[in-house]
Each structure stands twice: as C-alpha cells, then as structure tokens.
There are 2 protein chains.
Amino acid sequence: MDIEEGTPPQRLRALPSRLTNQAALAANRIVDRALAEAGVRRYHYALLAASEEYGPSSQAALGRRTGIDRSDMVATVNDLAERRLLDRAPDPEDRRRNIISITAAGRRELTHLDGLLAVAQEDFLAPLGAADRRTLADLLTRLVDHHRAEQG
Amino acid sequence: MDIEEGTPPQRLRALPSRLTNQAALAANRIVDRALAEAGVRRYHYALLAASEEYGPSSQAALGRRTGIDRSDMVATVNDLAERRLLDRAPDPEDRRRNIISITAAGRRELTHLDGLLAVAQEDFLAPLGAADRRTLADLLTRLVDHHRAEQG
DNA sequence: CCCTGTCGTTGGTGACGCCAACGTTGGCCC
DNA sequence: GGGCCAACGTTGGCGTCACCAACGACAGGG
C-alpha cells in the first residue's frame with residue numbers, strides 16, 4: 001500500500017480534532033458554495049432561521065440562539081434588513097432593544113435556502129448510509145452539548 | 001422539556017454540516033489553547049509533524065502533505081526556522097526548491113507538543129467511550145477521504 | 001530552443017470567531 | 001429619588017485559517 005503524495009503524516013491523521021476540522025472544512029466548502037448561489041453567507045442563513053423559528057426577538061437574543069457575537073450581529077442584520085428579508089424596529093417597551101422580525105420575503109428566501117442546503121447536506125454525507133448518518137449526528141451532538149455545557 | 005435560552009433553531013440543530021462545524025470549533029478551541037501554552041499554532045505543529053515523518057522535503061511537498069497553501073507555508077517555515085526548529089536550505093539538485101529539515105530542537109519540541117495534544121484530545125473526546133471514539137474517527141475518515149478524492 | 005510546469009515568494013481577500021469600549025437604558029436596592 | 005450594576009446596540013479592532021493571482025527563477029520534455 002503506497003503512501004500517496006498528499007497523505008498527511010500519521011500524527012495528523014490520528015488526531016480526532018483534525019479529522020473533525022477537515023470534515024468541517026469539507027462541509028463548509030459545500031455549504032458556502034450552495035449559499036453563494038443565493039448571494040448569502042452562513043451567518044445570514046442562521047439569522048433568518050432563528051428569526052423565523054423564534055419570532056420577533058432582540059439582536060442579543062438571536063445572537064445567543066445562533067452563537068453569533070453581538071458585534072457581528074449588527075452587520076448581519078444590516079445586510080438582511082437592507083434586502084428587506086428582516087425588519088429592524090426599536091422596542092417601545094425597552095428602548096435598549098431592537099426587535100428583529102422576518103418579513104414575508106424573508107420567509108420565501110428561507111424556504112429557498114432550505115432547498116439549497118438539503119442538497120448540500122446530501123453532498124456532504126454522500127458516502128454514509130442512513131444509519132451511519134444517525135450515528136454521526138448522535139456522536140457529534142454529544143460532543144457539542146458537552147462542550148456547550150462545560151463553558152458556554 | 002424547556003427550550004433553553006441558548007438553544008439554536010431546529011433548522012440549525014438538524015444540519016449535519018453545522019454539527020460538524022460546531023464540533024470542530026470546540027476541538028479547535030481546546031487544541032489552540034493547548035498549543036498556545038507552547039507559543040505555537042496549528043500550522044506550526046502540522047509542519048513539524050510532516051517534517052519529522054517524511055524527512056527533508058521541499059516546501060511544496062510539505063504543503064501537499066499538510067494541506068497548507070504554498071504561500072502560507074512560507075510564513076510558517078519562517079517562524080519555525082527563526083526558532084531553529086526547522087532548517088531551510090537551498091536544494092543543490094534543483095535550485096527552485098528549498099529543503100526543509102527538522103532540527104534536534106524541533107524533534108524535542110514536537111515530542112512536547114504531542115504530549116499537550118494528547119491531553120487536548122482527551123478533553124475534546126471526554127464524553128465518548130473508546131468504541132464511540134473509534135466509530136467517530138471511522139465516520140469522519142470516510143467523509144474526509146471521500147471529499148479529498150472527489151476534488152483535491 | 002521553446003513551452004510548459006513547478007517552485008518560492010509577495011501581496012491580497014474573505015469569513016469566522018472573538019474582545020474591549022462606549023453611551024444608552026432598565027431594574028434593583030438602599 | 002439616587003446609585004449601582006447589568007444588558008443592549010454599536011463601533012472598531014484582532015488573529016487564524018483558507019484561499020487566489022501573479023511574479024521571476026528554474027527544470028525538463030518536445
């Protein structure tokens with residue numbers, strides 16, 4: 001069994017953290033390419049999805065849901081508000097807050113993006129069967145939950 | 001079962017690509033913190049490891065092994081050569097190439113980093129037992145190999 | 001000898017994930 | 001009511017990673 005030209009060193013191949021990172025890189029490449037078709041980045045999708053599922057919320061609350069930093073949230077909301085996919089309005093009951101709501105156009109765009117993402121996931125998971133996909137999701141979920149609880 | 005404050009939207013939670021990315025983020029945070037103890041970044045470790053395992057090689061060859069871009073390789077080699085962990089010498093047989101070799105100090109540093117990384121992996125994989133870890137590594141390897149073959 | 005390709009290098013780009021600081025505003029406790 | 005602390009949006013910045021285009025130097029094949 002020859003060592004191929006591009007084979008990483010054993011030290012790196014045996015590193016679960018690197019394996020995870022390489023898989024994430026592949027996933028992100030595929031997802032980013034899909035979202036780019038719609039002129040959108042991952043942050044945009046995450047924000048639209050959170051906005052749709054939790055209804056009108058403050059930027060800070062949406063940030064907590066999506067893991068997007070408050071400062072990055074500003075720019076992301078700017079982008080989507082400019083395209084009329086989100087609405088940003090001051091909260092009359094708490095003047096510190098902005099109330100972010102998804103628009104009808106935003107919902108349509110979200111549905112469209114869902115379609116693109118479904119294809120992307122299929123691409124990413126292509127080599128795995130249904131049972132393996134469930135196993136993978138389960139294992140990753142346990143890891144992510146553990147590290148979220150540990151210090152989030 | 002209440003929905004916690006920081007719970008991501010179902011759309012995001014159900015996305016394998018995002019799950020993978022979140023796991024990779026957790027892994028990278030842990031690994032970066034560990035390597036930072038030694039004043040080192042992931043690129044540095046990858047390059048040292050490749051250099052040790054494959055012996056004297058050109059920068060381009062090491063780049064292919066590690067997945068580091070030729071342009072980023074320059075700076076990474078600069079860093080490590082400056083610390084005398086690597087040696088950079090022109091190849092007399094092909095004047096386009098530099099021959100990169102790991103030094104004795106580099107080997108010692110690599111051993112040290114291996115120790116730090118072992119702890120980090122244990123941290124990252126803490127919630128999983130031995131069998132689960134093997135399963136995870138297997139699934140991720142299949143994904144990574146697939147996407148490397150597909151277009152690498 | 002020309003052509004093609006590789007090599008190292010420079011310079012630049014973009015997304016992501018962060019952090020610090022500020023002024024504004026709310027809520028709480030004395 | 002006054003004081004204090006916490007949360008909010010915003011600005012501005014940072015570092016890493018991953019990538020791309022272009023260049024001059026050089027090697028090798030036709």
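Only heavy atoms go into these numbers, but all of them, side chains included; no hydrogens, no water, no symmetry mates. To find a chain, count down the sequence lines: A is the first, B the second, and so on, and within it residues start at 1. Nothing here was measured: the structure is a model prediction, and the numbers come from that model.
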Just to verify, what does [X] make a side-chain hydrogen bond (donor to acceptor under 3.5 Å, both in side chains) with, not counting sequence neighbours?
X	value
A:D91	none
B:D87	none
B:N78	B:R88
B:T20	none

Residue whose nearest DNA chain C nucleotide is more 5′ - A:P92 or A:S71: A:S71
Residue met sooner reading DNA chain C from 5', once A:R41 and B:Q59 are mapped to nucleotides: B:Q59
DNA chain C-proximal residues of residues 73-86 of chain A, any heavy atom under 4.0 Å: none
Chain B contact limits on DNA chain C, taken 5' to 3' with a cut-off of 4.0 angstrom to heavy atoms: C:dG5 to C:dC18
Could you list all the salt bridge (Lys or Arg N to Asp or Glu O under 4.0 Å) pairs where at least one residue sits in [range], not counting sequence neighbours?
range	value
residues 75-86 of chain A	A:R41-A:D79
residues 127-137 of chain B	A:R142-B:D132, B:E122-B:R133
residues 102-112 of chain B	B:E52-B:R107

Check nucleotides 22-26 of chain D for protein N or O atoms closer than 3.5 Å to its own N or O atoms and list the pairs.
residue: D:dC26; atom: OP1; partner: B:R95; partner atom: NH2; Å: 3.3

Sugar-phosphate, base or nothing in reach of A:S58, heavy atoms under 4.0 Å: sugar-phosphate
Touch class at under 4.0 angstrom, heavy-atom based, for B:D69 against every strand present: base
Contact list for residues 72-94 of chain B, test ring-ring contact (aromatic ring centres under 6.0 Å, His included), sequence neighbours left out: none
Measure [atom1]/[X] against [atom2]/[N] and give the value in whole Å, please.
X	N	atom1	atom2	answer
B:I68	D:dC20	CD1	P	16 Å
B:L47	D:dC17	CG	P	12 Å
A:R18	D:dC17	CZ	P	11 Å
B:H44	D:dT16	NE2	P	8 Å
B:D72	D:dA21	CG	P	15 Å
A:N21	D:dC17	CG	C1'	9 Å

First encountered from the 5' end of DNA chain D, between B:D32 and A:N98: A:N98
Non-neighbouring partners of B:F124 that pass ring pair (Phe, Tyr, Trp, His ring centres under 6.0 Å), sequence neighbours left out: A:H147
Test applied, side-chain contact (heavy atoms from CB on, under 4.5 Å); reference residue, B:N21; option that passes from A:V31, A:L25, A:N28: A:N28
Stepwise side-chain contact (heavy atoms from CB on, under 4.5 Å) test for A:L62 and A:V77: CA-CA 10 Å; A:L62 292 171; A:V77 171; 5.9 Å; no
